[in-house]
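What follows is a short report on a single structure.
Every number for a ligand or one of its atoms is a count from 1 in the order of the listing.
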Amino acid sequence: MSDYYIPFTKEMKKTHTILTPNMLPIHFRLLMKVLQEYGYHADLLETSGPHIRETGLKYVHNDACYPAILVIGQFIDAIESGKYDPHKVALIYFQTGGGCRASNYISLLRKALERAGYGYVPVISFSLLGLEKHPGFKLPLRAMQKIVYAILYGDLILHLKNQVDPYEIEKGSAARLADELSDILIRRLDEDGVSIRKLKDNMRYIRDAFAKIEVQPRDCIQVGIVGEIYVKFSPLGNNRLAEFLVNEGAEVTLAGLLDFFLYCTLNNVIEINRYGSGRVKRPVMNLLYKILCRVKRLMISIIEETGRFRPFAPFENTVANAQEIIDLHCKMGEGWLLPAEMLELYHLGVKNIVCTQPFGCLPNHICGKGMMKPLKDRYPDMNIVAIDYDPGVTQVNLENRLKLMLANSAAGRSA
Ligand code: SF4
């Protein structure tokens, strides 16, 4: 355990506010609600701007992973903002416990806090694997079920919003609805408990609400986004990539957060099958994988009921896509999920793909950028562009590369 480890105690549950970085705005608002329901004072950090990156760079070396620089910068910026009593805050960071550098983010964060003079701030490592002990931070099984529901609702809202955004007649209506639905679902997570019937009702409610938004047909270029999880999803990490593409007349598609959890769970299953494990972990991981696949299929069937929206692909298809081109043991970082998602997008008819990756992120350069050639050899009409994000990235450079991709796609269509 790190030298700087400070446990989050039972007393702190009453006195401390837990600050959370905002990777996915819709999902994380719902997740905050689950924490609040179980007695935690939790606050989502929605700050943005170059000062976050600058703060991160003061305390983290610039060759560390870009997501770590941003997350640590956002935490320290919040502590120094004057909004919170530094002696009454704790920080939470979600970890998969995988083999990549992300498993060291907590140590980097603690070291940065120490250097900034906040070494007494507890950092909670939140992981399904229970990587660290924090006596004041324990969630019962029911809360974990609610977390899965929050992820499903968030994925569905994001997926449908992306399909309405570029076609809406009244600008901003899909984004407004996403916010309203988050508020409604926050209440329902509280009131409904964790019944499958309510889950289905709520998913139909989300679908029907988006179907009511008035749209007009437009000839949009379809663009898929894949990549390292933080820069793929976080508007802070990817300089509001999805918003930029929509403003340029594109329709954005990306797989949800559930797929990342399915990927991590299946990696555990694969590892257990190859190397063996304790008697408990094998059935637990197998069961969890089956349940998550089933809930994804449930969401797909609900989207398909009306035929109005394009559904997700079942995760089993994603795995089959991966097996076509890469070994499933390539599981550092986002590993085999990257080419699998690119193929999934391609088979959905989305041939323009932005692969977002932190500069110097070795696993994603191997499984993302490194897989572009084999993918293009098989599917020459795939138009993939790899976008590196780093502390020195300029918006104009990013935008030029994206505009070039869109121009190539438009030229290909009119040829
Ligand atoms: S996947 Fe890349 S960005 Fe993420 S921890 Fe690993 S090296 Fe860093």
Side-chain angles (χ1 to χ4, degrees), residues 2 20-24 28 52-53 56-57 59-75 91-112 123 125-129 131-132 225-239 241 254-257 259-268 270-271 318 322 326-342 353-372 384-393 398:
S2 157
T20 312
N22 191 0
M23 186 173 78
L24 273 149
F28 275 45
I52 304 270
R53 187 178 61 214
L57 283 171
Y59 301 106
V60 188
H61 196 281
N62 67 358
D63 70 2
C65 305
Y66 185 50
I69 293 171
L70 287 180
V71 168
I72 293 170
Q74 194 173 39
F75 276 141
L91 312 178
I92 190 167
Y93 195 77
F94 301 89
Q95 286 195 292
T96 61
C100 205
R101 291 200 279 180
S103 294
N104 295 319
Y105 282 9
I106 291 277
S107 304
L108 278 181
L109 172 56
R110 289 189 176 130
K111 200 169 170 203
V123 179
S125 153
F126 184 37
S127 160
L128 293 181
L129 301 176
L131 296 175
E132 278 185 355
I225 301 176
V226 302
E228 186 276 337
I229 185 164
Y230 184 82
V231 290
K232 171 182 163 184
F233 286 126
S234 163
L236 174 65
N238 63 30
N239 295 27
L241 172 63
L254 72 175
L257 186 58
D259 279 26
F260 184 74
F261 284 101
L262 275 158
Y263 161 77
C264 295
T265 311
L266 182 57
N267 283 342
N268 271 292
I270 291 168
E271 200 169 293
T318 311
I326 193 168
D327 192 287
L328 293 189
H329 290 89
C330 294
K331 59 188 181 55
M332 286 299 128
E334 279 62 28
W336 58 261
L337 188 62
L338 285 174
E341 286 188 351
M342 290 192 221
I353 297 165
V354 180
C355 181
T356 60
Q357 31 198 35
F359 178 74
C361 163
L362 189 60
N364 284 295
H365 275 71
I366 293 168
C367 298
K369 219 174 193 169
M371 292 306 292
M372 281 166 57
I384 316 174
V385 57
I387 301 280
D388 289 333
Y389 289 90
D390 70 73
V393 72
L398 289 179

Which atoms of ligand 1 have any heavy atom of Cys100 under 4.0 Å away? 1 (S), 5 (S), 6 (Fe), 7 (S)
Verdict with reasoning, Thr318 to Tyr263, per side-chain contact (heavy atoms from CB on, under 4.5 Å): CA-CA 9 Å; Thr318 311; Tyr263 161 77; over 6 Å; no
Kindly give the heavy-atom pair with the smallest separation between Asn22 and Gln74, and that separation in Å. N-OE1, 3.8 Å
Subset of ligand 1 atoms that lie under 4.0 Å from at least one heavy atom of Asn364: 1 (S), 2 (Fe)
Check for me whether the distance between the ring centres of Phe94 and Phe28 falls short of 6.0 Å. yes
So Glu334 and Cys367, do their side chains get closer than 4.5 Å, heavy atoms only? no
Is it true that Glu271 and Lys331 have a side-chain N and a carboxylate O under 4.0 angstrom from each other? yes
Counting non-hydrogen protein atoms only, what is the nearest one to atom 5 (S) of ligand 1? Give residue, atom name and distance. Ala102 N, 3.0 Å
State if Tyr105 counts as touching ligand 1 under the rule of any non-hydrogen atom under 4.0 Å. yes
Show me which atoms of ligand 1 lie under 4.0 Å from any heavy atom of Pro358. 3 (S)
min-distance protein heavy atom vs atom 8 (Fe) of ligand 1 -> Cys65 SG, 2.3 Å
Side chain to side chain, Tyr230 and Leu236, heavy atoms closer than 4.5 Å: yes
At a non-hydrogen distance cut-off of under 4.0 Å, which region of Gln357 contacts ligand 1 (side chain, backbone, both, or neither)? neither
Check ligand 1 against Gly333 and write out every atom of the ligand that is under 4.0 Å from a heavy-atom position of the residue. 1 (S)
Phe260 atom CZ, over 12 foreign heavy atoms within 6.0 Å: yes
Could you tell me the residue and atom name of the protein heavy atom closest to atom 2 (Fe) of ligand 1, and the distance to it rounded to 0.1 Å? Cys361 SG, 2.2 Å
